2 protein chains.
Amino acid sequence: MISSAKNDTMKAVAKLKRGRERRRTGQILVEGPNLFRAAVDAGLLPKIVLATETDTATAEVTGRLGVPLTLVTESVLASVADAAHPRSPIAVFEQPGFGSVPDVNIVVLVDLADPGNAGTIIRSAASFGWAVGVTPHTVDIWSPKSLRSGAGAHFSLPIVVIDDVETTFSGLRHTVVAAVVHGGEAKVSNDGPFALLVGSEAHGLSHEQVAAADVALTIPMAGGFESLNAAVAASIAMFTLS
Amino acid sequence: MISSAKNDTMKAVAKLKRGRERRRTGQILVEGPNLFRAAVDAGLLPKIVLATETDTATAEVTGRLGVPLTLVTESVLASVADAAHPRSPIAVFEQPGFGSVPDVNIVVLVDLADPGNAGTIIRSAASFGWAVGVTPHTVDIWSPKSLRSGAGAHFSLPIVVIDDVETTFSGLRHTVVAAVVHGGEAKVSNDGPFALLVGSEAHGLSHEQVAAADVALTIPMAGGFESLNAAVAASIAMFTLS
């Protein structure tokens, strides 16, 4: 039983809360029973698993997978975790690889900045059977906060890196749909599959990105307020296109 | 210029981060230029306004309204604020009063627990021109986190306390719609206005609440994942009923 957060393994695990360390190592931090189960159910094997003594469910899983389990105290678990109220276990996994663009609906996060929004959109995408694309300047979708907002969805859908939004879909049969706050169509009559482009919270999509899309989509808003949360807007757009 | 967070006024303002203090005083904390502007634009008068010396926009507003402005240092502002990266100003307002149920679409937060979800739903409601109802056990919608997620929407729509969901709408012409994860209709053909009941993140609506509704609504999900964020699900339901 490890009772000190100064143990070398504990220090290495805690460092994965930082994006730079995740990029350097290619590893991610998976916290809590629900995310841990989602990752394992997706066929991923944990490299490190920290759990408290009373967490018998995790011991059962590591026993079945044949991977080592490290018992830690509640206070060590809390010091390693990113969550404010961490739950056992905390595990380290290799970051899943990125594939190529699948021939299905895909929502592309174009320079999204908020990890909670990114995770929530990934959760909606998994619920509607969509894939997810991320541009190189989108926030790290493998951060603890994004994973929490995703509720396990990250491990259940294809995730693709889209280096250049304008050229990527030119050779594919996707209808490219730009989500815009004003001036777009309320309904898209084109055939799918769709590539739905969602811009950053602060700046939206560029004029070039909107112009290069096949159609622009605007969610009709009857209220005088006209300001949807970015994850809500993206999710409604996916819903209307599904 | 106040440079100490131990000043009595600063201590009183900082206390408003706590729900108990907000309930005791009937006052709320409004942080940052966007929320401050939304509250003022709604016709509310601030009781206290703290701003940094460089925040000339706030000085212009307090001058126009004829209310006092207290200059504070950046570090005092940070110590008083709830936000991790606070922006000037920080203001104290009386909590807006609750009205009676209006004869328009209304989304009712039934024991919702997450302040971010509550604020995001209020933001969507304002965008779609809906009112908002809250049950007594719903999380405090006037918390700093809920206000941040609302992006100013709290000040632009009617907010109503609904003591008893089942009886409140019996004398009104609203069609009561229960949002349920499984087993509801994909479309509602009844006429509006609608009262959309949204249950807590962990438990949803009770069987009694669903049974007392005129119709149950389920958002169709084609993916194998089937787990939308509560604010996303409520927003899509409002969108389909609008």
Side-chain angles (χ1 to χ4, degrees), chain A residues 34-35 38 41-42 84 104-105 107 114 116-132 145 148-158 181 186 192-193 201-202 218-242, chain B residues 34-35 38 41-42 84 104-105 107 114 116-132 145 148-158 181 186 192-193 201-202 218-242:
Chain A
N34 297 335
L35 289 179
D41 286 352
V104 298
N105 290 332
V107 57
D114 182 275
N117 283 340
T120 301
I121 294 173
I122 291 171
R123 185 173 174 180
S124 295
S127 295
F128 292 134
W130 287 49
V132 168
K145 187 168 180 195
R148 275 197 297 279
S149 297
H154 290 65
F155 304 110
S156 78
L157 46 62
V181 177
E201 295 87 347
T218 293
I219 297 164
M221 285 180 262
F225 191 70
E226 296 207 356
S227 155
L228 290 172
N229 165 278
V232 167
S235 300
I236 292 177
M238 279 188 265
F239 173 78
T240 64
L241 295 169
S242 286
Chain B
N34 297 335
L35 289 180
D41 287 352
V104 299
N105 290 332
V107 56
D114 182 276
N117 283 340
T120 301
I121 294 174
I122 291 171
R123 185 173 175 180
S124 296
S127 295
F128 293 134
W130 287 49
V132 167
K145 188 168 181 196
R148 276 197 296 280
S149 298
H154 290 65
F155 304 110
S156 77
L157 47 61
V181 178
E201 296 86 347
T218 293
I219 297 163
M221 286 181 261
F225 190 69
E226 297 206 359
S227 156
L228 291 172
N229 164 277
V232 167
S235 300
I236 292 177
M238 278 188 266
F239 172 78
T240 64
L241 294 171
S242 286

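So you know, we letter chains A, B, ... as the sequences are listed, proteins then strands, and number each from 1. The model shown is predicted, which means the values in this text are computed figures rather than measured ones.
- Looking at heavy atoms from C-beta onward, A:Thr240 lies in side-chain contact with B:Phe239 at the 4.5 angstrom threshold.
- The distance from atom CD of B:Glu226 to atom OG1 of B:Thr218, rounded to the nearest 0.5 Å, is 9.5 Å.
- Of the listed residues (A:Ser156, A:Ala151, A:Ala153), the one with the most heavy-atom contacts under 4.5 Å to chain B is A:Ala153.
- Minimum interatomic distance between B:Val107 and B:Trp130 (heavy atoms only, all atoms of both residues): N-CE3, 3.6 Å.
- For the atom pair A:Ile236 CD1 and A:Asn229 CG, the distance stands at 9.5 Å (nearest 0.5 Å).
- Both the backbone and the side chain of A:Ser227 come within less than 4.5 Å of a heavy atom of chain B.
- Of all the listed residues (A:Ser127, A:Gly129, A:Gly223), the one sharing the greatest number of non-hydrogen pairs under 4.5 Å with chain B is A:Ser127.
- Both the backbone and the side chain of B:Ser124 come within less than 4.5 Å of a heavy atom in chain A.
- Atom-to-atom distance recorded for A:Asp114:CG and A:Glu201:CD is 5.5 Å, nearest 0.5 angstrom.
- Of the possible polar contacts, one joining the B:Arg123 side chain to the A:Leu228 backbone as a donor-acceptor pair under 3.5 Å is found.
- At a 4.5 Å heavy-atom cutoff, the contact between B:Thr120 and chain A is made by side-chain atoms alone.
- Counting heavy-atom pairs under 4.5 Å between each of B:Gly116, B:Gly152, B:Ala125 and chain A puts B:Gly152 at the top.
- For chain B, the option among A:Ala126, A:Gly119, A:Ser242, A:Ala38 with the highest count of heavy-atom pairs below 4.5 Å is A:Ala126.
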